[in-house]
Each structure stands twice: as C-alpha cells, then as structure tokens.
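Since the structure is predicted, the reported quantities are computational estimates derived from the model, not experimental observations.
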Amino acid sequence: MKSKSKVKKALIPAAGLGTRFLPATKTVPKELLPIVDTPTIQYIVQEVVDSGIETVVLITGKGKAAIEDHFDLYSELEEKLESEGKTDLLDKLREASNMIRAVSIRQRNPRGLGHAVLCAKEVIGDEPFVILLGDDLVDSDVPCTKQMIDVYEKHEKSVVALMEVEDEDVPKFGIGSGEKIADRVYSLNQMVEKPSLEEAPSNLAFVGRYILNPEIFEILEKTDPGKGGEIQLTDAMAQLMKTQGFLGYKFEGQRYDAGDKFGFIQANIAYAMKRPDIAPRLKEYMKMLVAS
Ligand code: UTP
C-alpha cells in the first residue's frame with residue numbers, strides 16, 4: 001500500500017459515443033448538451049473546482065473538440081461583448097475559461113471506460129486521482145467529489161460512489177456489495193458490471209465518481225474486454241479490491257444521468273427550479289400541465 005498522498009488531479013472521461021442520445025449526439029458531444037443554459041460538463045468541472053482540485057484531465061475523442069474549445073478563451077466574442085458594454089454576458093462567457101486549465105488527451109478509439117482511464121496513465125502518474133464521468137451530475141450541498149476525498153483521506157483506500165437503485169435498474173450499472181464499516185461507508189467484497197438481477201449481489205450501484213489509487217493502471221493494462229466487448233473499469237476495480245481493499249460510499253445528494261434522455265429532462269427541470277429567473281414561470285407551467 002502506498003504512503004498517504006493527496007488527491008490533486010481529476011479525470012473526466014468524455015470520449016464516449018453517446019448512442020443513447022442520438023440523433024443529438026451525431027455531431028454534438030453529449031457532455032455539452034445544456035442543463036438550462038450551461039453544458040453538463042461545466043457543472044462537473046465546477047464540482048472539481050469546488051472540491052479544491054486544480055488539475056483537470058479531459059479524455060476526448062473524435063468529434064469532441066468543442067469540449068476543449070468550451071474551456072478555452074474566445075477572444076473575438078469577448079472583444080465584441082466588451083465593446084458593446086454587455087458585461088453580464090461577458091462574465092458568463094468567461095466563466096468556463098476562467099475555471100481551470102484543462103489538459104486534454106484523445107482516446108482514439110472509444111473502447112470503454114476502462115480504456116479511457118488508461119489513456120491518462122502518463123499524465124496522472126503515481127498518485128491517487130478522482131474520476132468524474134462527463135455525463136453524471138450530482139447536485140449536493142457539499143460537492144460529491146469533496147465528500148469522497150474526505151472518505152479517501154480517512155481510510156486511504158480507493159472509493160466508488162454508491163446509490164441504491166430499483167431492481168429494474170440493476171442491470172444498467174456496476175453493482176457492489178460488502179460490509180458497512182461506518183456511516184455511509186462500505187468495505188466492498190464483490191463487484192460486477194451490469195449483472196442480471198439474479199447475479200447482482202445487492203442494489204448498490206456505482207455512479208460516476210471514483211477515487212482510485214494509481215495501481216489501477218497496471219491492472220487496466222492487463223484487463224481484457226468484458227461486458228459489451230468494452231474494457232470495463234469495474235473489472236479492473238474488482239482486481240484492485242482483491243489486493244488493496246475498496247470502499248463504497250453512499251454520497252449525499254441527487255444524481256442525474258444527463259447522458260440518458262429521461263435523466264437529462266429531470267436534470268433540466270430540477271436545475272431550472274433552482275433558478276430565480278425561471279422557476280416561477282416553470283412552476284406555473286407545470287401546474288397547468290398537471291391540471292390539463
Ligand atoms: P457511457 O457508457 O455513459 O458513455 O460512459 P457512452 O458510451 O458515450 O454512452 P452510450 O451508452 O453510447 O449512450 C460514461 C462516460 O465515459 C465516457 C463517456 O463519454 C461518458 O462521459 N467514455 C465512455 C469514454 O470516455 N470512453 C469510452 O470508451 C466510453
């Protein structure tokens with residue numbers, strides 16, 4: 001086991017094909033689809049920043065260059081808005097480019113989440129790191145990543161975020177089970193990717209936040225394609241669990257799968273309801289819909 005070291009880097013895999021969201025994702029990365037007026041991935045980068053992490057590694061791929069542009073400067077538009085005195089819009093425009101300096105790596109062939117993570121081996125190096133999936137939103141008072149860092153620093157073991165799901169949803173997730181060792185914290189002893197309900201060891205599903213020790217890379221290098229012919233991160237995590245132990249953490253907050261049509265609509269309504277410029281009209285509209 002490595003000596004204690006801090007989580008300083010965040011990895012955001014965003015190279016997936018987004019087939020659940022076709023045709024929108026034919027040319028537009030799903031990670032840029034807006035929740036109200038802000039791309040999903042910008043909320044995720046905000047969570048990273050709010051958790052005290054300064055280095056973000058984006059995994060992008062074919063057709064995903066707009067993600068890199070989104071976090072870059074846009075001088076021509078800035079100059080135009082500045083000369084027109086549109087300071088509110090200018091602030092909005094600069095929000096993303098001021099957030100963070102992102103490093104990006106291309107996954108040339110999207111062979112699965114495990115493969116996307118492996119692409120960052122050299123940039124991450126020999127230290128623990130957090131992964132935030134580019135289409136998984138968590139709305140919480142304390143950022144989910146910060147909650148997980150606290151668990152990692154206390155126990156010094158890799159951690160995956162857990163959420164209880166309905167039986168019918170079990171086959172859509174990685175599922176884990178183990179012994180509860182503290183409030184919200186489980187020491188996992190089983191992990192399986194997208195099991196049938198009969199195979200599933202519990203209803204505790206992995207959602208898109210992980211803190212992993214760097215030994216995961218050696219394991220990923222030897223991990224064969226699993227479910228769906230993809231190199232599965234869960235398969236490598238199960239190996240790491242055997243040698244180092246692995247924790248599951250039931251985070252506090254509400255998670256939205258913005259890469260799924262229904263989850264995307266839910267997230268839009270929930271985030272719009274928190275916006276004073278939109279909430280009153282939206283409430284009225286929903287009341288009207290229900291009444292009719
Ligand atoms: P998903 O399984 O949700 O992504 O992966 P997908 O393959 O794009 O989705 P569908 O099922 O076809 O609609 C979760 C995250 O991992 C990234 C995705 O971009 C997403 O943010 N990912 C997935 C990669 O970066 N590379 C991959 O090879 C697969």
To check you understand the geometry: which heavy-atom pair defines the closest contact between F251 and R184, and what is its length?
O-NH1, 3.3 Å
If you look at every heavy atom in A258 and F21, which pair is closest and at what distance?
O-CE1, 3.6 Å
Under a 3.5 Å threshold, yes or no: a donor from one side chain and an acceptor from the other, between T145 and E47?
yes
Verify whether one side chain among E68 and T60 offers a donor that lies under 3.5 Å from an acceptor in the other.
yes
Mind listing the side-chain donor-acceptor pairs of residues 276-292 below 3.5 Å, one per line with the distance, residues two or more places apart or on another chain?
| from | atom 1 | to | atom 2 | distance (Å) |
| --- | --- | --- | --- | --- |
| D277 | OD1 | R275 | NE | 3.1 |
| D277 | OD2 | R275 | NH2 | 3.1 |
| E284 | OE2 | K287 | NZ | 3.3 |
| S292 | OG | M288 | O | 3.3 |
| S292 | OG | L289 | O | 3.1 |

What I'd like to find out is whether the side chain of L204 reaches to under 4.5 Å of the side chain of S202, using heavy atoms alone.
yes
Considering residues at least two apart in sequence or located in another chain, which fulfil the ring-ring contact (aromatic ring centres under 6.0 Å, His included) criterion with F206?
none
So which atom in P13 and which in L132 form the shortest heavy-atom distance, rounded to 0.1 Å?
CD-O, 3.3 Å
Closer than 4.0 angstrom, basic N to acidic O: yes or no for K274 and D139?
yes
How far apart are the closest heavy atoms of G174 and T234, and which atoms are they?
CA-OG1, 4.4 Å
Are side-chain heavy atoms of E164 and K250 found at a separation under 4.5 Å?
yes
Verify the distance criterion only: is there a donor paired with an acceptor across the side chains of E179 and N189 at less than 3.5 Å?
no
For salt bridge (charged side-chain N to carboxylate O under 4.0 Å, His left out), just list the numbers for D50 and K146, CA-CA rounded to whole Å, side-chain angles, deciding distance to a tenth of an Å, and then say yes or no.
CA-CA 8 Å; D50 292 345; K146 176 75 179 77; over 6 Å; no
What pair of heavy atoms forms the shortest contact from V28 to L33, and how long is it?
CG1-CD2, 4.0 Å
Could you list the donor-acceptor pairs under 3.5 angstrom formed between side-chain atoms of residues 262-273 and any protein atom two or more places apart in sequence or on another chain?
| from | atom 1 | to | atom 2 | distance (Å) |
| --- | --- | --- | --- | --- |
| N268 | OD1 | V36 | N | 2.6 |
| N268 | ND2 | P34 | O | 3.4 |
| N268 | ND2 | F264 | O | 3.2 |

At their closest point, which heavy atom of V160 faces which heavy atom of M148, and how far apart are they?
C-CE, 3.9 Å
Go through the side-chain N and O atoms of Y249 and Q147 and say whether any donor and acceptor fall under 3.5 Å apart.
yes
Does either side chain, that of H70 or that of Q42, offer a donor lying less than 3.5 Å from an acceptor on the other one?
yes
Find out whether D135 and I44 are in side-chain contact, i.e. whether some heavy atom of one side chain is under 4.5 Å from a heavy atom of the other.
no
